[in-house]
Amino acid sequence: MNNNNYAVIMAGGVGSRFWPVSKQSFPKQFHDMLGMGKSLLQMTFDRLKHQIRAQHILVLTNEAYVDLVKEQLPDMNFDNIVAEPAMRNTAPCILLAALKIQKMNPQASMIVAPSDHYIAEEDIFNEDLNTAFDFCKEHPDALMTLGIQPTFPNTGYGYIEFNKEASEVKKVSQFREKPDLKTAQEFIAAGNFLWNAGIFIWNVDSVVSAFAKAQPQLTSLFKNGLSVFNTNEETEWLEENYPKADNISVDFAIMEKSEDVYVLPARFSWNDLGTWGSLYEKLDKNEKDSAVVNASVTEIDSSKNMIRTAAGKKVIVQGLENYIVVDQDDVLMIIPMTAEQEIKEIRNKAMEKYGKNIG
């Protein structure tokens, strides 16, 4: 296990498209969404632990979720939990983490990983991660990302366009925004486009330098805190200064501006578990072609449903096809699968009627 390898898990999102399971007070990354006995955060941590020491894994999360992280990841170094006092997108939290790691170990390389993705073939993931770390050692200025092989023309993801070349690692020509269907179909047909999964690998020196070049104001803000990073004074400094950071994504902040961006086409299957529909696609189906988590279900003239309840809940449905049925605490939601893009609006209406605690 390489002592210079570190990981940053981003665990600050709310995941409102998974309401009513994912709520402001208890987001989806802390839930066992797949019924496998572990939360998505725990699965991410365990996956990274194969190559990276638990003491070298940082978790960046909202300050409201620090206790949840401690409860779910008792093996980690609690000093490595970074509480964000404000929501500021991915660039500020990644730069902060890179500066903290650089201070711990100037020779470090790091992976940045979302906390709520599902990767089944962990052995292949670790092989790909090894390839990425090795490439960064050989190419110290490289900013790397893992791209996902598209399985259909998805309009919900950004895309990475790479140069067609025989090498395993590809040079990125440009990042492309979420396309319309026609454009997505053209991307798939071209053969040199990957889904952007938001998984990054680089040397800490290279990413800090990239930020200094492309985002001097943001870099200056955080470098003012270097003396207190990894000390007892860090939290107070962040409370005062973190909200001053620009609300900007790491893609826009540095990746789209750098000439040294590379992508490794991932060989593992991947699901970002962004919606109930994506969870349905990932889960095994019963004889009625329904995906069921925790519940004991009887389906009469029903099929192709996504059903999730508390463990052991008995559910009887009749005449339902392509529906989402979710029973969580004091909320029961039954909506057509076609309405899943409206869940944020449904949640807002429920909060208006029943109060904010429901969201």
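Residue numbers count from 1 along this sequence.
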Is there a donor-acceptor pair under 3.5 Å between the side chain of K164 and the backbone N or O of F162?
no
Smallest separation among heavy atoms of N247 and R88, with atom names
OD1-C, 3.6 Å
Rounding to 0.5 Å, atoms CG (L95) and CD1 (I254) come to a distance of 8.5 Å
State whether the number of non-hydrogen atoms from other residues, nucleotides or ligands found under 6.0 Å of D284 atom CG is greater than 12.
no
Using the side chain to side chain donor-acceptor pair (under 3.5 Å) rule, take S269 and E121 through it: C-alpha gap first, then chi angles, then the decisive distance, then the call.
CA-CA 7 Å; S269 62; E121 303 98 341; 2.8 Å; yes
Considering all heavy atoms, the nearest A253-F211 contact:
CB-CE2, 4.2 Å
S302 side-chain N/O to L320 backbone N/O, donor-acceptor pair under 3.5 Å
yes
Going by the ring pair (Phe, Tyr, Trp, His ring centres under 6.0 Å) test, name the single residue among F175, W195, F152, F187 that passes it with Y157.
W195
Where A132 and L264 come nearest, the two heavy atoms and their spacing:
N-CD2, 4.5 Å
Just wondering, do I201 and L146 contact through their side chains at under 4.5 Å, heavy atoms?
yes
If you count every heavy atom of other residues, nucleotides or ligands that lies below 6.0 Å from F78 atom CZ, does the total exceed 12?
yes
All pairs passing salt bridge (charged side-chain N to carboxylate O under 4.0 Å, His left out) where residues 126-150 contributes a residue, at least two apart:
E127-R267, D128-R267, D134-K137
Residues, nucleotides or ligands: over 12 heavy atoms within 6.0 Å of K313 NZ
no
May I ask you to say whether K38 pairs ionically with D46, meaning some side-chain N is under 4.0 Å from a carboxylate O?
yes
If I compare all heavy atoms of L273 with all of D116, which pair ends up nearest, and what's the gap?
CB-O, 3.8 Å
So does Q217 have more than 12 non-hydrogen atoms from other groups sitting under 6.0 Å from CD?
no
Do S115 side-chain atoms and M10 backbone N/O form a donor-acceptor pair below 3.5 Å?
yes
Any donor-acceptor pair under 3.5 Å linking the side-chain atoms of N230 with those of K100?
yes
Counting distance only, does the side-chain N/O of S278 pair as donor-acceptor with the main-chain N or O of G274 below 3.5 Å?
yes
Could you check whether any side-chain N or O of S303 sits under 3.5 Å from a backbone N or O of E321, counting only pairs where one atom can act as donor and the other as acceptor?
no
Please give me the minimum heavy-atom distance between D246 and P92, naming the atom from each residue.
O-CG, 3.1 Å
In terms of the angle between their ring planes, are F193 and Y159 parallel, tilted or perpendicular, with boundaries placed at 30° and 60°?
perpendicular
State whether the number of non-hydrogen atoms from other residues, nucleotides or ligands found under 6.0 Å of D123 atom CG is greater than 12.
yes
Within the supplied structure, the quantity of interest is the number of heavy atoms (other residues, nucleotides, ligands) at a distance under 6.0 Å from K257 NZ; does it exceed 12?
yes
Distance alone, cut at 3.5 Å: any donor-acceptor contact between the side chains of E299 and N305?
yes
Short side-chain donor-acceptor distance under 3.5 Å, N203 and S109
yes
Less than 4.0 Å between a side-chain N and a carboxylate O, is that true for R176 and E161?
yes
Verify the cluster assignment for V263 and L143: are they in a single hydrophobic cluster under the rule of side-chain heavy atoms below 4.5 Å apart?
yes
Cationic tip of R47 within the cone over F125's six-membered ring, i.e. under 6.0 Å and within 45° of the normal?
yes
Using atom types as modelled and distance alone, determine if a side-chain donor or acceptor of K170 lies under 3.5 Å from a backbone N or O of S167.
yes
Tell me whether K223 forms a cation-pi arrangement with F229, defined as NZ or CZ under 6.0 Å from the six-membered ring centre and within 45 degrees of its axis.
no
I'd like to know whether NZ of K304 has more than 12 heavy-atom contacts from other residues, nucleotides or ligands below 6.0 angstrom.
no
To the nearest 0.5 Å, what is the distance between NZ (K28) and CZ (R17)?
6.5 Å
Measure the spacing between NE2 of H117 and CD of Q29 and express it to the nearest 0.5 Å.
10.5 Å
A11 and L41 have their tightest heavy-atom pair at CB-CD1, 4.3 Å
Quick check: W202 with F200 (ring centres under 6.0 Å apart)?
yes
Donor-acceptor pair, N294 side chain versus T309 backbone, under 3.5 Å?
yes
Are L40 and H31 close enough, and set up right, to give a side chain to side chain contact (heavy atoms under 4.5 Å, CB included), and what steps lead you there?
CA-CA 6 Å; L40 296 175; H31 285 278; over 6 Å; no
Hey, quick one: are V208 and V261 part of the same hydrophobic cluster, counting side-chain heavy atoms closer than 4.5 Å, chains of contacts allowed?
yes
Is it the case that the side chain of D32 and the backbone of G37 share a donor-acceptor pair, with hydrogens and angles ignored and the cut-off at 3.5 Å?
yes
With distance as the sole criterion, is a donor-acceptor pair present between the side chains of Q102 and D205 under 3.5 Å?
yes
Validate the cation-pi geometry between K171 and Y262: distance from NZ or CZ to the six-membered ring centre under 6.0 Å, angle to the ring axis within 45°.
yes
Would you please test E84 and N62 for side chain to side chain donor-acceptor pair (under 3.5 Å) and show each step?
CA-CA 5 Å; E84 301 170 79; N62 187 282; over 6 Å; no
Distance in Å, M255 CE paired with Q174 CD, rounded so as to fall on 0.5 Å steps:
14.0 Å
Between the side chain of T219 and the main-chain N/O of Q215, is any donor-acceptor distance below 3.5 Å?
yes
Quick one: do I346 and I324 end up in the same hydrophobic cluster if we chain Ile, Leu, Val, Met, Phe, Trp and Tyr together by side-chain heavy atoms under 4.5 Å apart?
yes
Cluster check M76, I111: I/L/V/M/F/W/Y, side chain < 4.5 angstrom
yes
Members sharing I316's hydrophobic cluster (side chains within less than 4.5 Å):
I300
Qualifying ring pair (Phe, Tyr, Trp, His ring centres under 6.0 Å) pairs, either residue in residues 273-295, two or more places apart
F18-W276
Within a radius of less than 6.0 Å around NZ of K244, do more than 12 heavy atoms belonging to other residues, nucleotides or ligands occur?
yes
Linked, directly or transitively: F26 and F45 (ILVMFWY side chains, under 4.5 Å)
yes
Between the side chain of S22 and the main-chain N/O of G15, is any donor-acceptor distance below 3.5 Å?
yes
Rounded to the nearest 0.5 Å, what's the gap from CD1 on I94 to CG on L99? Could you check?
12.0 Å
With Y6, which of V112, L48, N80, N105 fulfils side-chain contact (heavy atoms from CB on, under 4.5 Å)?
N105
